[in-house]
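Chain naming here is simple, since letters A, B, ... match the order of the sequence lines and numbering starts at 1 in each.
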Amino acid sequence: MPELPEVETTRRGIAPHIEGQKIDQVTIRNHKLRWPIPSDLADILGGQTIQSISRRAKYLLFQCDSGLLIIHLGMSGHLQIMTESDPIAKHSHFEIQLENKLILRFTDPRRFGAVLWTQEKSDDYHLLNHLGPEPLSDDFSSEYLIPLLTGRRCSIKTFIMNGHYVVGVGNIYANEALFLARIHPKTPAGEVVEADVDSLVRVIKEVLTKAIAAGGTTLKDFRKSDGKPGYFAQQLNVYGREGEACPQCASLIKQYKESQRASFYCPQCQTL
DNA sequence: ACATTGACCTGGGAGC
DNA sequence: TGCTCCCAGGTCAATG
């Protein structure tokens, strides 16, 4: 479910309620996520203050007094600020009760998400140390990408969804960015010409920025931390629109499968 | 080093 | 209604 804009939307929604708050109590209802929630996490977190919450790629990082709480939303996870009277959903696996009586509750039906703890520096942590630069930073540029692309035979779509090189871009925004840059998703990564790499960098930043401004994309179950949907779905050009008219040229949007993920493109605007 | 595939899970919708 | 099959926003690990 959540790509960078949805994770960032979540971060912005919960930060004002939790930053600077002391943790009263932690409840783990189900340890079995992508990786097990550390069994001593409740003891570790109790009494600590959440100093700040930041984001790296699609990971949320909660800086606590003695280490870092790391949450990944997986495909179906969401974090919401709730109160004691809010009912506990079937798949609410983890929650933090704060001194201000608010509850940060993690719900994830498919359990592809993760709740982890480390005392390492975030850049050294094994799930974060291999990640590409933040796409909205100046480090993410065509100068950075061009050397990585040369000679590569995977498709450009597969490439931009690979967190080793580009982070935050999942299936929705990969399709949208390639449409905006007028690049066919099957184009071998090493054959994307420099001018198109420039465009691609520009549109990735643009589409992520606009999606954050809209509060993310709600297809079915993504909800902002206040329970409301994000509105970027209305601005999608190709994702989920097979058979509809391309907004640029009115050709019919096509779909195909690539490594078990649906790819959408306009056969007129995005040629091989 | 790189490319491809399977694995982890549940729920919703389509089709019969 | 109910069954089966397919699909879904992620990404690591294992395999050539």
Please determine whether a side-chain nitrogen or oxygen atom of [X] lies at a distance below 4.0 Å from atom OP1 or OP2 of [N].
X: Lys58(A); N: dG9(C); answer: no
X: Arg152(A); N: dC2(B); answer: yes
X: Tyr239(A); N: dG9(C); answer: yes
X: His72(A); N: dT11(C); answer: yes
X: Arg111(A); N: dC8(B); answer: no
X: Lys257(A); N: dA8(C); answer: yes

d([atom1], [X]; [atom2], [N]) in whole Å:
X: Tyr59(A); N: dC12(C); atom1: OH; atom2: P; result: 5 Å
X: Glu258(A); N: dT4(B); atom1: CD; atom2: P; result: 8 Å
X: Met161(A); N: dA8(C); atom1: CE; atom2: P; result: 11 Å
X: Asn162(A); N: dG10(C); atom1: CG; atom2: P; result: 13 Å
X: Gln260(A); N: dT5(B); atom1: CD; atom2: P; result: 8 Å
X: Asn175(A); N: dA8(C); atom1: CG; atom2: P; result: 11 Å
X: Trp35(A); N: dC12(C); atom1: CH2; atom2: C1'; result: 6 Å
X: Arg153(A); N: dA1(B); atom1: CZ; atom2: P; result: 15 Å

**Request:** Looking at every strand, decide which applies to Gly170(A) at a 4.0 Å heavy-atom threshold: base, sugar-phosphate, or nothing.
**Result:**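 Sugar-phosphate only.
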**Asked** Base, sugar-phosphate alone, or nothing: which one does Phe159(A) contact when heavy atoms must sit under 4.0 Å apart?
**Response**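 Nothing, no nucleic acid heavy atom in range.
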**Item:** Cation-pi, Phe179(A) ring and Arg241(A) (6.0 angstrom, 45 degrees)
**Value:**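 So Arg241(A) doesn't make the cation-pi contact.
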**Item:** Stacked cation flag Lys186(A) on Tyr256(A), 6.0 angstrom / 45 deg
**Value:**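 Here Lys186(A) passes the 6.0 Å and 45° test against Tyr256(A).
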Can you check the distance between [N] and [M], where both ends of the measurement are the [atom1] atom (answer in whole Å)?
N: dG6(B); M: dC6(C); atom1: P; value: 14 Å
N: dG12(B); M: dT11(C); atom1: C1'; value: 23 Å
N: dC7(C); M: dT5(B); atom1: P; value: 16 Å
N: dG11(B); M: dC12(C); atom1: P; value: 25 Å

**Request:** Decide yes or no on salt bridge (Lys or Arg N to Asp or Glu O under 4.0 Å) for Arg105(A) and Asp86(A), but give the supporting numbers first.
**Result:** CA-CA 10 Å; Arg105(A) 187 168 281 164; Asp86(A) 288 311; 5.7 Å; no
**Request:** Map His130(A) and Arg110(A) onto DNA chain C by nearest heavy atom, then report which one ends up closer to the 5' terminus.
**Result:**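 Nearest-nucleotide comparison on DNA chain C picks Arg110(A).
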**Prompt:** Can you find an N or O donor on one side and an acceptor on the other, under 3.5 Å apart, linking the side chain of Arg261(A) with the base of dA8(C)?
**Reply:**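 A donor-acceptor contact between them is absent.
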**Watson-Crick/G-U partner (both atom distances under 3.5 Å) of dC9(B)** =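 When the pairing criteria are applied, nothing turns out to pair with dC9(B), so the answer is none.
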**Asked** Partner of dG9(C) by Watson-Crick or G-U wobble geometry, both contacts under 3.5 Å, or none?
**Response**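 Base partner found: none.
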**Request:** Tell me whether Phe112(A) is stacked on the nucleobase of dC8(B), counting only the six-membered base ring and applying the 5.5 Å and 30° thresholds.
**Result:**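 By the stated criterion, Phe112(A) and dC8(B) stack.
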**Request:** If the plane angle is over 60° it's perpendicular, under 30° parallel, otherwise tilted; pick one for Tyr59(A) and His72(A).
**Result:**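 Correct class here is perpendicular.
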**Prompt:** In terms of the angle between their ring planes, are His93(A) and His91(A) parallel, tilted or perpendicular, with boundaries placed at 30° and 60°?
**Reply:**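 Rings of His93(A) and His91(A): perpendicular, over 60°.
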**Message:** If the threshold is 4.0 Å, N to carboxylate O, is there a salt bridge linking Arg55(A) and Glu134(A)?
**Reply:**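 So Arg55(A) pairs with Glu134(A) through a salt bridge.
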**Message:** Return whichever of Arg34(A) or His91(A) has its heavy-atom-nearest nucleotide of DNA chain B closer to the 5' end.
**Reply:**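 Result of the comparison: Arg34(A).
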